[in-house]
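Heads up: numbering here begins at 1 and tracks the sequence. Below, all heavy atoms of this structure are taken into account, side chains as well, without hydrogens, waters or symmetry copies.
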Amino acid sequence: MPSDSCLPRHQLVRAAPPAWAALMASRQDLADEPLLEGWAHRGWPLVVRRRLPGEPGGASWLPVGLPLPPMAGKRRIALQVQLAHIVSVSGLPQLYEVVASAPRAWHPALQQLLAVGEHFGVQTRVFGSLAWQWLTGLEYLSQGSDIDLTWTLPPGDRIEEFLVALARIDAAAPMRVDGELLRPDGSGVNWRELHSRSAEVLLKTATDPLLCARSQFLEPVA
């Protein structure tokens with residue numbers, strides 16, 4: 001199993017059920033959350049997150065989290081799992097996989113997003129409420145939900161065209177289209193910031209959010 005520094009943001013991991021049960025038994029502050037007890041037994045994942053400032057833990061521990069659905073208060077749970085207790089690692093679901101779990105009113109916009117991704121040769125993946133609804137079968141989406149997406153970077157000479165295409169879809173969509181363009185190491189910048197053409201953008205990395213030059217983020221990766 002790789003170290004936590006080798007796991008990019010947004011990766012999904014699954015914990016061994018016995019280890020999960022032991023972790024839950026050690027967290028009395030979570031005893032009133034009935035969904036958590038059987039989380040790992042159901043095969044539901046956790047998402048790799050950034051380590052919180054001052055949070056203890058070493059190379060053998062992975063910072064992860066999960067959001068509870070609205071019916072359980074939308075609480076965000078931060079945990080650490082031993083790397084030895086991780087049984088699988090996977091990427092976020094791809095957009096085409098989750099369309100059927102989305103509201104029907106979203107489908108035309110989702111098809112447009114799929115077409116744009118294919119046209120520009122990028123992978124479009126889903127996180128946030130729609131992803132968790134598809135992953136667990138629980139009801140995460142509400143009337144005001146956004147769709148949260150990640151995209152791999154398009155070719156450098158097509159990035160501006162890609163951002164314009166996203167803005168057009170977002171302007172007409174029944175839901176807000178949010179998300180990040182990601183470099184191969186998992187660091188990302190919100191597409192709206194890139195579209196605004198600000199000289200500096202907020203880069204979210206595996207360890208810290210930091211300001212960087214827009215041009216630096218968009219530089220081709222060697």
Partner of [X] under side-chain contact (heavy atoms from CB on, under 4.5 Å), chosen from [options]:
X      : options              : result
Thr150 : Arg9, Gln123, Arg125 : Arg125
Pro45  : Leu135, Leu66, Val13 : Leu135
Trp44  : Leu36, Leu138, Leu12 : Leu138

Would one find more than 12 heavy atoms of other residues, nucleotides or ligands at under 6.0 Å from atom CD of Glu161? yes
Greater than 12 external heavy atoms within 6.0 Å of Glu139's CD: no
Could you pull out the closest heavy-atom pair between [X] and [Y], with the gap in Å?
X      : Y      : answer
Arg75  : Leu30  : NH2-CD2, 3.4 Å
Pro154 : Leu181 : CD-CD2, 4.0 Å
Val126 : Gln94  : CG2-C, 4.3 Å
Trp134 : Pro93  : CZ3-CB, 3.5 Å

Donor-acceptor pair, distance only, cut-off 3.5 Å: does the side chain of Gln28 make one with the backbone of Ala25? yes
Who passes ring-ring contact (aromatic ring centres under 6.0 Å, His included) against His10, sequence neighbours left out? Phe127
Sort and list the pairs that fulfil ring-ring contact (aromatic ring centres under 6.0 Å, His included) and have at least one residue in residues 100-122, not counting sequence neighbours. Phe120-Phe162
Carboxylate-amine/guanidinium contact Arg192 Asp170, below 4.0 Å: yes
State plainly whether the residues Glu200 and Arg214 are in salt-bridge range, i.e. N to O under 4.0 Å. no
Quick one: do Val164 and Ile159 end up in the same hydrophobic cluster if we chain Ile, Leu, Val, Met, Phe, Trp and Tyr together by side-chain heavy atoms under 4.5 Å apart? no
Under the side-chain hydrogen bond (donor to acceptor under 3.5 Å, both in side chains) criterion, do Arg168 and Gln112 qualify, and how do the steps go? CA-CA 10 Å; Arg168 287 175 178 161; Gln112 292 172 7; over 6 Å; no
What distance do His41 atom NE2 and Glu37 atom CD have between them, rounded to the nearest 0.5 Å? 7.5 Å
Gap between atom CZ of Arg51 and atom CZ of Arg49 - 0.5 Å precision: 7.5 Å
With a cut-off of 3.5 Å and sequence neighbours excluded, list every side-chain donor-acceptor pair involving residues 171-178.
| unit_1 | atom_1 | unit_2 | atom_2 | d |
| --- | --- | --- | --- | --- |
| Asp178 | OD1 | Asn190 | ND2 | 2.9 |

